[in-house]
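On a predicted model such as this, the values are computed, not experimentally measured, just so you know.
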Amino acid sequence: MRALPALFALLTAVHLGALLADATTAVHLTKPALMPALAAWALVRGGPWPLPAALVCGCGGDVLLQIGGETAFLAGMGCFAAGHLCYLALYTRTGRGVLLTRTGRGVLLTRDGWPRTAPWVAAGYGAAWLGTVALLWPGLEADLRLPVAGYSLLLTVMALAALGAGPRTGLGGALFMLSDTLIAAGLADWPRPPVPQFWIMATYIAAQWLLMAGATREAAPRPGPEPALVRT
């Protein structure tokens with residue numbers, strides 16, 4: 001059990017360090033190994049099948065984006081989209097309205113097993129998606145505009161479902177959105193921080209780890225009686 005977390009931590013450290021050092025060979029060797037190591041860790045933690053499936057899809061996307069070129073980019077985006085669908089299948093099954101039922105003013109709501117957020121939170125995510133797409137649109141190549149808009153909408157829906165499933169997964173979904181926004185900013189020739197690939201991968205790796213850790217924690221048995229769910 002301890003070997004897999006250590007392996008994932010080692011791969012992450014080497015990969016991020018290689019990005020800072022511009023060690024291209026080490027970057028290319030470690031990137032495809034990150035998500036399989038995390039998927040194996042998820043399986044050991046007892047994660048349900050959509051979780052390792054999402055991480056394997058992420059591995060496919062990592063490899064394709066590393067190849068470069070528009071065709072590989074679109075195929076990689078398709079792999080990540082498949083991963084988001086896997087996460088949606090997972091979080092719509094595990095979401096619970098614990099915060100709302102305990103405090104009376106929390107963010108989470110649940111209806112028939114579908115994790116939802118309070119309307120103002122969903123509106124905020126929707127506004128973030130619409131605003132980002134509107135700003136990026138003029139700078140994107142014409143044949144990338146609709147794929148990027150559709151993919152980012154799916155990512156936003158996944159991030160909302162992740163927020164409804166728990167705080168760790170919610171943070172993971174938000175970081176995934178940030179990572180992909182940095183990628184899109186590069187496509188649109190926006191200003192980005194120094195060594196942008198480091199920040200893209202740092203937020204992406206953290207996002208995937210949080211999505212995995214939060215999901216396996218949610219899947220674990222909980223002691224005591226279940227709180228009553230709020231239904232609307």
Side-chain angles (χ1 to χ4, degrees), residues 19 54 57-58 60-62 64-92 95 106-109 111 114-208 210-211 214:
L19 286 170
C57 288
D62 291 340
L64 287 164
L65 292 189
Q66 203 163 246
I67 292 173
E70 186 173 310
T71 300
F73 176 81
L74 290 172
M77 192 163 56
C79 285
F80 286 118
H84 298 329
L85 290 173
C86 291
Y87 279 131
L88 277 172
L90 175 65
Y91 298 138
T92 54
V107 171
L108 307 185
L109 297 169
R111 181 175 183 177
W114 175 264
R116 299 184 295 125
T117 57
W120 60 269
V121 178
Y125 273 66
W129 167 77
L130 185 60
T132 302
V133 170
L135 290 171
L136 287 171
W137 193 268
L140 294 174
E141 294 184 14
D143 54 349
L144 289 178
R145 288 172 177 170
L146 288 178
V148 168
Y151 168 81
S152 60
L153 178 59
L154 176 60
L155 171 59
T156 303
V157 173
M158 184 280 288
L160 271 172
L163 178 61
R168 284 191 185 184
T169 52
L171 178 57
L175 286 175
F176 216 132
M177 291 177 67
L178 174 59
S179 178
D180 281 9
T181 299
L182 288 172
I183 295 175
L187 295 174
D189 291 325
W190 279 12
R192 293 192 295 174
V195 197
Q197 197 62 30
F198 171 84
W199 298 108
I200 289 169
M201 288 305 297
T203 50
Y204 166 71
I205 292 168
Q208 293 280 38
L210 285 163
L211 290 168

Checklist entry - To the nearest 0.5 Å, how far apart are CG in Leu160 and CE in Met177? => result 7.5 Å
Next on the checklist: Please find the pair of heavy atoms, one from Ala161 and one from Tyr91, that lie closest to each other, and give the distance.
Outcome noted: O-CB, 3.8 Å
Distance-only donor-acceptor pairs under 3.5 Å for side chains of residues 195-206, two or more places apart:
residue	atom	partner	partner atom	Å
Trp199	NE1	Pro194	O	3.2
Thr203	OG1	Trp199	O	2.7
Thr203	OG1	Ile200	O	3.1
Tyr204	OH	Asp62	OD1	3.2
Tyr204	OH	Asp62	OD2	3.1
Tyr204	OH	Gln208	NE2	3.4

Checklist entry - Taking Ser179 for the side chain and Leu175 for the main chain, is one N or O donor matched with an acceptor at less than 3.5 Å? => result no
Checklist outcome for this item: Correct closest heavy-atom pair for Pro147 and Met77 would be CB-CE, 3.5 Å
Checklist outcome for this item: Looking only at heavy atoms, the pair that brings Pro138 and Arg145 closest together is O-NH2, 3.7 Å
Checklist entry - Can you name the side-chain contact (heavy atoms from CB on, under 4.5 Å) partners of Ala188, sequence neighbours left out? => result Leu136, Leu140, Trp190
Item to check | Considering all heavy atoms, the nearest Leu211-Ala162 contact | outcome: CD2-CB, 4.0 Å
Checklist outcome for this item: Between the CG atom in Leu155 and the OH atom in Tyr125, the distance rounded to the nearest 0.5 Å is 10.0 Å
Checklist outcome for this item: One should read off an interatomic distance between His84 NE2 and Leu153 CG, to the nearest 0.5 angstrom, of 11.0 Å
Next on the checklist: Does any part of the side chain of Asp143, heavy atoms only, come nearer than 4.5 Å to the side chain of Leu74, both counted from C-beta?
Outcome noted: no
Item to check | pair Phe73-Leu64: side-chain heavy atoms closer than 4.5 Å | outcome: no
Checklist entry - Are Val157 and Trp129 close enough that some pair of their side-chain heavy atoms sits under 4.5 Å apart? => result no
Checklist entry - What's the shortest heavy-atom distance between Cys86 and Ala54, and which atoms? => result CB-CB, 3.7 Å
Next on the checklist: So Val133 and Val148, do their side chains get closer than 4.5 Å, heavy atoms only?
Outcome noted: no
Checklist entry - Atom CG of Leu163 and atom OG1 of Thr169: how far apart are they, to the nearest 0.5 Å? => result 7.5 Å
Item to check | Parallel, tilted or perpendicular: rings of Phe80 and Phe176 (30°, 60°) | outcome: perpendicular
Checklist entry - What are the two closest heavy atoms between Gly172 and Ala207, and how far apart are they? => result O-CB, 3.2 Å
Next on the checklist: Contact between Leu182 and Pro193 at the side-chain level, heavy atoms closer than 4.5 Å - yes or no?
Outcome noted: yes
